[in-house]
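Report on one structure; see the data block that follows.
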Amino acid sequence: TQLIKPRIREILSRKLPSELVNLLPKHWVQLGDVLILPLREELLPYKKEIAKVYAEVLGVKTVLRKGRIGGEFRETNYEIIYGNDPVTIHKENGILYKFDASKVMFSPANVKERVRMASIANSNELVVDMFAGIGHLSLPIAKHCRARVIAIEKSPYTFQFLVENIELNRVQDRMTAYNIDNREFKGENIADRILMGYVVKTHEFIPKALEIAKNEAIIHYHNTIPERLMPREPFATFQKIANEQGYETELLESRILKRYAPGVWHVVLDVKVFKK
Ligand code: SAM
């Protein structure tokens with residue numbers, strides 16, 4: 001990889017005005033055979049040429065221009081700037097993740113959390129993933145911990161990949177997927193462990209998580225928190241809502257996953273809850 005950047009620069013310095021060469025991306029993300037490239041505005045008139053060179057040097061079939069992730073379904077909406085097939089199979093920690101990288105988010109920065117999940121549960125647990133995506137966090141639990149998993153995903157498009165991934169990873173015998181809003185999920189008092197891998201508004205879903213939880217359970221609670229409220233938050237809000245619902249809480253662990261926006265961090269708490 002040491003030689004890749006000079007090689008890309010060398011080829012593109014013959015095609016681009018010299019002042020733009022220094023603006024070429026030095027970092028990128030490769031997921032399976034798809035490349036996600038952050039491109040500055042100034043480079044956009046040359047995006048096709050640039051993408052082609054990165055694709056050829058790095059040996060990928062498709063290049064996407066990195067953009068913002070947004071909306072309820074956390075969609076990427078990345079523009080295809082080279083190739084025509086944004087669906088890829090990315091292998092990580094023995095798991096195959098198939099998805100459309102131009103539409104569905106897959107955060108490289110969450111890799112530690114995906115790996116941590118691979119040894120978090122016992123095989124006799126029932127785990128409910130309330131924001132399953134393509135199975136980012138719950139496939140490692142089904143595959144490596146061999147626990148039973150219920151995965152809930154609201155977006156019909158993302159759900160198709162979740163179902164495919166359950167088969168690709170051969171965990172159909174212990175992982176079941178529902179294409180519904182998790183607030184419509186009917187199970188009560190069933191889960192030993194709950195994953196809440198969402199951002200911005202995760203607190204709104206705490207009452208539902210407690211309904212799904214057994215009288216004693218562990219909740220992996222993600223949220224995005226402004227730095228000035230840390231470390232009090234997000235636990236203070238979690239505790240307040242849980243107390244109102246008749247639960248005691250014990251904070252087992254708190255981790256920062258990544259910077260979400262300037263001055264805002266994506267945090268995950270492991271919280272033990274007990275019904276009073
Ligand atoms: N949990 C994974 C992770 O942390 O890598 C995926 C996270 S992604 C940010 C959140 C997923 O939750 C999206 O696929 C979105 O469509 C889904 N989602 C959002 N609201 C939902 C709801 N009310 N019920 C079920 N799924 C929901």
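Just the heavy atoms: all of them, side chains too, but no hydrogens, waters or symmetry mates, feed the values below. Indexing begins at 1, ligand by ligand and atom by atom, following the structure's order. Fair warning: this is a prediction, and the values are worked out from it, not measured in the lab.
The closest protein non-hydrogen atom to atom 23 (N) of ligand 1 is D181 OD1, 3.1 Å. Nearest protein heavy-atom contact of atom 9 (C) of ligand 1 is R74 CG, 3.2 Å. L137 CD1, 3.4 Å is the protein heavy atom nearest to atom 4 (O) of ligand 1. Looking from atom 15 (C) of ligand 1 to the surrounding protein, the closest heavy atom is E153 OE2, 3.4 Å. For atom 19 (C) of ligand 1, the nearest non-hydrogen atom of the protein is E72 O, 3.3 Å. Considering only non-hydrogen protein atoms, atom 6 (C) of ligand 1 sits nearest to H136 ND1, 3.2 Å. Looking at atom 12 (O) of ligand 1, its nearest protein heavy atom turns out to be F131 CB, 3.4 Å. In terms of protein heavy-atom proximity, atom 8 (S) of ligand 1 is closest to M105 CE, 3.6 Å.
F235 and F238 have parallel rings, their planes meeting at less than 30° on a 0 to 90° scale where 60° marks the start of perpendicular. Under the 30°/60° scheme for interplanar angles, the aromatic rings of Y178 and F185 are found to stand perpendicular.
The shortest N or O to N or O distance between N182 and ligand 1 is below 3.5 Å. Residue K154 places at least one N or O, backbone or side chain, under 3.5 Å from an N or O of ligand 1.
Classification of R14 and E10 as a salt-bridged pair holds, one side-chain N sitting under 4.0 Å from a carboxylate O.
Within a 6.0 Å radius of CZ in R74, other residues, nucleotides and ligands contribute more than 12 heavy atoms.
Residue contact annotation: H222 has no non-hydrogen atom under 4.0 Å from ligand 1. Ligand 1 is approached by F205 to a heavy-atom distance shorter than 4.0 Å. Look at I180 and you'll find a heavy atom under 4.0 Å from some atom of ligand 1.
Aromatic ring centres of Y82 and Y54 lie farther apart than the 6.0 Å criterion allows.
E125 and A147 get closest at one heavy-atom pair: O-CB, 3.7 Å.
To the nearest 0.5 Å, the span separating OG1 on T88 from NZ on K61 amounts to 5.5 Å. If you take CD on E56 and CD1 on I8, they are separated by 11.0 Å, rounding to the nearest 0.5 Å.
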